[in-house]
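Heads up, the thing below is written out as structure tokens.
Here is how names work: the chains are called A, B, and so on, in the same order as the sequence lines, proteins then strands, and each is numbered from 1.
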Amino acid sequence: MDTEKSKITLLAFGQLTDITGQSTWEMEDISDIDQLKAILIEKYPALAQAKYLVAVNMEVIRGNATLKPGDAVALLPPFSGG
Amino acid sequence: MDTEKSKITLLAFGQLTDITGQSTWEMEDISDIDQLKAILIEKYPALAQAKYLVAVNMEVIRGNATLKPGDAVALLPPFSGG
Amino acid sequence: MSEKKPKKVFIDGPITPEFVAKSIASHSTKKDIGAHSIFLGQVRNDLIGDKAVAAIEYTAYPEMADLKFHEIREAAFAAYPLTCLHIYHSLGTVLAGEISLFVFTSAIHRAEAIKACEFIVERIKHEIPVWGKEILEDGSAVWKVNTV
Amino acid sequence: MSEKKPKKVFIDGPITPEFVAKSIASHSTKKDIGAHSIFLGQVRNDLIGDKAVAAIEYTAYPEMADLKFHEIREAAFAAYPLTCLHIYHSLGTVLAGEISLFVFTSAIHRAEAIKACEFIVERIKHEIPVWGKEILEDGSAVWKVNTV
């Protein structure tokens with residue numbers, strides 16, 4: 001498989017950017033959301049305490065789901081617009 | 001009793017003025033609302049068909065009530081403001 | 001918070017968008033407000049038979065209307081924690097497309113502002129002695145009948 | 001009636017009273033409208049500890065927000081017989097006392113306009129990926145937490 005195509009794009013917003021230190025980056029060889037969360041918590045332990053939803057290609061996914069290359073995975077803290 | 005003081009003031013509004021031909025006038029020797037209505041219908045037969053509320057001194061009165069000299073009696077067709 | 005002083009409600013002719021803007025702008029100094037709810041009644045060009053409504057001429061029993069507006073204000077302040085409350089209603093001629101009623105509630109949180117505004121609009125429609133005479137495009141007139 | 005074309009929602013900085021007035025005025029040609037309902041969200045100077053909020057800096061996930069605004073519009077038009085529907089939300093800095101959200105519904109009768117406006121405001125608060133960072137009077141910042 002083309003390594004370029006095995007990448008997913010991560011997007012972090014709001015207070016989560018204080019934890020991740022970046023708002024968009026790429027990650028390779030991630031098969032599903034549970035695996036992604038485990039890797040992220042290892043890298044950013046404060047995420048374990050954070051409240052957030054995961055959206056894959058702009059749709060909120062509750063629970064686990066398979067990720068495919070090219071997916072945009074967004075980490076969304078509680079909304080506070082309006 | 002002073003005749004001036006035995007008078008009540010009548011007020012008509014909206015479509016009722018098309019029937020009464022006047023919007024404010026005085027009437028004498030009226031003892032209660034039922035009597036007033038009977039006299040008005042005799043004078044303005046179309047009133048018998050009209051839908052309206054009676055307010056005495058700006059408070060809506062449902063049913064009969066005694067009128068006293070100096071009262072302002074308003075004939076209020078269905079409101080259509082806003 | 002209750003406001004005891006009587007407020008001027010009736011406006012001669014239409015309520016303009018600029019008037020609404022000025023009213024909104026005057027609240028920018030009240031920095032505890034988080035939510036405004038506004039209702040505007042606009043005159044429709046309804047067909048009466050085959051003639052369109054060109055304007056409505058509003059008349060009122062002004063003393064009783066003032067009393068009822070005051071009662072509605074008191075009831076709204078008693079029922080909802082409002083920061084501000086303004087009510088304006090047109091008298092005289094308002095053309096189709098123009099605004100004849102402006103209800104404006106402000107509160108710390110949205111639910112109170114929204115619920116209070118709806119409460120006030122309903123009460124105005126049912127309790128305020130105002131009558132609209134619809135002036136049709138050919139100059140004839142019919143008394144307006146409000147739908148419930 | 002459904003509107004399929006995407007609409008611009010985000011506005012850079014505060015929503016001004018003049019913008020609201022212009023939006024109201026643009027509906028005077030739509031003479032079948034009888035009722036407008038407007039919601040405005042205003043930035044509060046809440047105390048965070050002992051410091052007042054001076055401003056909120058709004059950021060969004062804009063592509064997802066556009067998609068969600070579109071879904072909310074479609075749901076509102078499906079649920080209520082609206083003539084018009086406009087939604088505007090600020091991005092960037094909005095000072096305390098300024099307006100950051102403007103929801104504007106119009107219908108033939110008041111009930112639909114009022115209910116639809118409330119429906120839309122609730123969905124925006126829960127479904128739109130926007131975040132506010134409260135800038136305090138001393139220059140420090142905290143992420144805003146919306147009350148339910």
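- C:V43 touches chain D through its backbone: at least one of N, CA, C or O sits under 4.5 Å from a heavy atom, while the side chain does not.
- In terms of non-hydrogen atom pairs under 4.5 Å with chain D, the most contact-rich of C:A25, C:S23, C:C117 is C:A25.
- Your options are D:N45, D:I24, D:V20, D:T105, and the one with the most heavy-atom pairs under 4.5 Å with chain C is D:N45.
- For C:R110 (side chain) and D:V121 (main-chain N/O), no donor-acceptor pair under 3.5 Å exists by modelled atom type.
- Under the 3.5 Å distance criterion, the side-chain polar atoms of C:Q42 are matched with a main-chain donor or acceptor of D:K30.
- The shortest non-hydrogen separation linking C:A21 to D:E18 is CB-N, 4.4 Å.
- For the set C:E98, C:H109, C:K22, the entry with the most heavy-atom pairs within less than 4.5 Å of chain D is C:H109.
- Of the listed residues D:S28, D:G34, D:G97, D:A35, the one with more heavy-atom pairs under 4.5 angstrom with chain C than any other is D:G34.
- How far NE2 of D:H36 is from CD1 of C:I38: 11.5 Å, rounded to the nearest 0.5 Å.
- With a 4.5 Å cut-off on non-hydrogen atoms, D:K115 touches chain C through its side chain but not through its backbone.
- At a 4.5 Å heavy-atom cutoff, the contact between D:I114 and chain C is made by side-chain atoms alone.
- In this view, D:Y58 and D:S100 satisfy the side chain to side chain donor-acceptor pair (under 3.5 Å) rule, not counting sequence neighbours.
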Derivation and outcome, side chain to side chain contact (heavy atoms under 4.5 Å, CB included), residues D:R44 and C:I108: CA-CA 8 Å; D:R44 287 195 309 269; C:I108 296 175; 3.8 Å; yes

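- In this structure, no portion of D:L101 lies under 4.5 Å from any heavy atom of chain C.
- Heavy atoms of D:S37 lying under 4.5 Å from chain C belong to its backbone as well as its side chain.
- With a 6.0 Å radius and a threshold of 12 heavy atoms from other residues, nucleotides or ligands, C:D138 has its CG atom above the threshold.
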